[in-house]
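In what follows, every chain begins at residue 1, and chains take the letters A, B, ... in the order their sequences are listed. What's counted below: heavy atoms across the whole structure, side chains too, no hydrogens, waters or symmetry copies.
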2 protein chains.
Amino acid sequence: MARWEPNARDRLERAALALFAEHGYDATTVNEIADRAGLTKSTFFRHFADKREVLFGGQDVLSQRFSDAIRATAPAATIGACLAAALESAAPAFTPERHDLALQRRAIIAATSELRERELLKRAGLSSAIADALRARGADDTTARLAAELGVLAFSTAFAHWAAPKNRQPYTEIAHTALRDLQARAAALGSEADLRA
Amino acid sequence: MARWEPNARDRLERAALALFAEHGYDATTVNEIADRAGLTKSTFFRHFADKREVLFGGQDVLSQRFSDAIRATAPAATIGACLAAALESAAPAFTPERHDLALQRRAIIAATSELRERELLKRAGLSSAIADALRARGADDTTARLAAELGVLAFSTAFAHWAAPKNRQPYTEIAHTALRDLQARAAALGSEADLRA
DNA sequence: CTAAGTGATGACACCCAGTCCCATCACGCG
DNA sequence: CGCGTGATGGGACTGGGTGTCATCACTTAG
């Protein structure tokens, strides 16, 4: 199928990550990324809509996985079970080998508000994917949106813990405890039982 | 105090809103905005860090209000009461006269992903302002973040309802019912009682 | 074996957002 | 009246992003 080097997109992603880590996001130009990948600016923008997008390649795949996982759960499952299934479906992206890459990527994103902004857009995409999937199985709009926010919050805190420098705990474990924790807080928030001050 | 026309910033905002509504966000140049306001590109960027920012002038004020409102609630108040106070503090921004402006602004933002992205950043700012204020009064990290998300969700749905074309209901009313509704759903989500399918 | 076709790439021109630097002008103040 | 301050104007410059057209690698029809 593939002619030339079939890895163009991958090479661009790797080159970008390396250069961003080396000189920072703002200080590296798209031309430099393309040069290091042995390509040109034109080709870069044929593979990525944005300079930012080169760091968020996997996010759309993730939305699809979340959506599929929820749609595949048993009709009788609770919403909590749906969220758990969604979080689990992301596990393949969090193998120990990718740990260092994720760490590096996180540092780059945290350093530039332009990238944090894009991350929020991707996160919103995840949220609406979850909400849509929940609505498709009968949840009302308000519940679907709230549950989706809760799921995304669980996911991002789980990811943050997993990507922490010295973490060795597997992702799924972290994700489940994060979700359970949030559900407990939601119950308390709703009933206003133990809320201090 | 002010020399020249003291309204430079306001004029730029009005000019931008008018031109965006007329030709769309992408099709209008910063130069065109500045020209209509009787100013120049240099001056535009001296008042706004971004082309986008010209549409989000009030957001930082809002964060401050939310934060202050929460810090001003009685120490014995529940978190739900804190959120209600925060939502109420935004009321001055939602007078009937501003209704049409808000409607126009919303349409412009909805039409351009670049602007939706910026809106998410502002919303995240609101969320962390709320979370910080809650943490400051003793809430634990997880609860603070979840409650903040819930508050922002209530705020944005309330705003959407208030800004709807044919709405005449006052903002505070809408906001309170939105918040109460979300709290009820949170309770259900936490206890997994009535969650269907 | 060759010629047409296809798809990824390169090269180049172009527009505009955003940054810098410096000149200028309006006003208050001594 | 002269000076300092602060907002503005102007112009040069970088880099992201969009086009268009030529080119080259490889496939497939003939």
Side-chain angles (χ1 to χ4, degrees), chain A residues 1-57 108-109 111-119 121-122, chain B residues 1-20 22-57 60 108-109 111-119 121-122:
Chain A
M1 298 301 164
R3 306 173 243 200
W4 298 275
E5 311 285 336
N7 338 7
R9 191 183 174 95
D10 283 358
R11 274 183 295 159
L12 286 168
E13 285 178 353
R14 289 177 209 283
L17 200 67
L19 286 170
F20 292 163
E22 199 169 339
H23 308 120
Y25 176 82
D26 292 318
T28 67
T29 70
V30 171
N31 268 320
E32 292 171 348
I33 300 172
D35 277 357
R36 176 170 295 202
L39 297 168
T40 64
K41 188 176 132 183
S42 299
T43 306
F44 179 94
F45 284 110
R46 221 171 268 116
H47 283 279
F48 303 99
D50 251 18
K51 180 184 175 188
R52 284 143 261 160
E53 211 58 23
V54 75
L55 278 173
F56 296 92
I108 295 168
I109 293 176
T112 310
S113 84
E114 197 177 333
L115 292 174
R116 269 178 281 141
E117 201 173 358
R118 177 55 53 90
E119 193 178 38
L121 187 67
K122 296 299 183 179
Chain B
M1 299 305 156
R3 308 174 241 199
W4 297 276
E5 311 287 337
N7 341 8
R9 191 185 173 96
D10 283 357
R11 275 183 293 158
L12 285 168
E13 285 178 355
R14 288 177 211 284
L17 200 66
L19 287 170
F20 292 163
E22 199 170 338
H23 308 120
Y25 176 83
D26 291 318
T28 67
T29 306
V30 171
N31 267 320
E32 294 170 348
I33 300 172
D35 277 357
R36 175 168 296 201
L39 297 168
T40 63
K41 190 174 127 184
S42 299
T43 307
F44 179 93
F45 285 111
R46 220 170 270 117
H47 283 279
F48 302 100
D50 251 18
K51 179 184 173 186
R52 284 144 262 159
E53 210 63 19
V54 75
L55 279 172
F56 296 91
D60 308 314
I108 295 167
I109 293 176
T112 309
S113 83
E114 196 176 335
L115 292 173
R116 270 178 280 140
E117 200 172 358
R118 177 55 54 90
E119 193 178 39
L121 188 66
K122 296 299 183 180

(request) May I ask you to decide if His47(A)'s main-chain N or O and Arg9(A)'s side chain share a donor-acceptor pair within less than 3.5 Å? (result) yes
(request) First locate atom NZ of Lys122(B), then atom CZ of Arg52(B), and finally report the distance between them rounded to the nearest 0.5 Å. (result) 11.0 Å
(request) For Leu39(A) and Phe44(A), run side-chain contact (heavy atoms from CB on, under 4.5 Å): C-alpha distance rounded to whole Å, both residues' side-chain angles, the deciding distance at 0.1 Å, then the answer. (result) CA-CA 7 Å; Leu39(A) 297 168; Phe44(A) 179 94; over 6 Å; no
(message) Quick check: any donor-acceptor pair below 3.5 Å linking the side-chain of Thr29(A) to the base of dG15(D)?
(response) no
(request) Specify the separation, in whole Å, of atom CG of Leu12(B) and atom C1' of dA7(D). (result) 13 Å
(message) Looking at Ala37(B), is its backbone amide N or carbonyl O close enough to the side chain of Arg11(B) to form a donor-acceptor pair, meaning the two atoms are under 3.5 Å apart?
(response) yes
(message) Could you check whether any side-chain N or O of Lys41(A) sits under 3.5 Å from a backbone N or O of Glu32(A), counting only pairs where one atom can act as donor and the other as acceptor?
(response) no
(request) Starting from P on dA8(C), measure out to CZ on Arg9(A) and report it in whole angstrom. (result) 13 Å
(message) Please report the distance, rounded to the nearest Å, between CG in Asp50(A) and C1' in dG16(D).
(response) 9 Å
(message) Return whichever of Ser42(B) or Phe48(A) has its heavy-atom-nearest nucleotide of DNA chain D closer to the 5' end.
(response) Ser42(B)
(message) For dG10(D), does the base pair up with any side-chain atom of Lys41(B) as donor and acceptor (N or O, under 3.5 Å, distance only)?
(response) no
(request) To the nearest Å, give me how far apart CG (Leu19(A)) and P (dG16(D)) are. (result) 12 Å
(message) Is Thr43(B) close enough to dT8(D) that one of its side-chain N or O atoms is under 4.0 Å from OP1 or OP2 there?
(response) no
(request) Just compare dG9(D), dG17(D), dT19(C) and give me whichever is closest to any side-chain atom of Arg52(A). (result) dG17(D)
(message) Rounded to whole Å, please give me the gap between OH in Tyr25(A) and P in dG15(D).
(response) 13 Å
(request) Nearest whole angstrom, please: distance from the P of dC16(C) to the NE2 of His23(B). (result) 14 Å
(request) From the options dG18(C), dG10(C), dG9(D), select the nucleotide whose nearest atom is closest to the side chain of Leu39(B). (result) dG9(D)
(request) Can you tell me the distance, in whole Å, between the CG atom of Asn31(B) and the P atom of dG9(D)? (result) 12 Å
(request) Determine: side-chain N/O of His47(A) to OP1/OP2 of dA8(C), distance under 4.0 Å, yes or no. (result) no
(request) Give the rounded distance in Å between these two atoms: CD of Glu32(B) and C1' of dC15(C). (result) 12 Å
(message) Using the side-chain heavy atoms of Arg46(B), tell me which of these nucleotides is nearest: dA11(C), dC21(C), dT18(D).
(response) dC21(C)
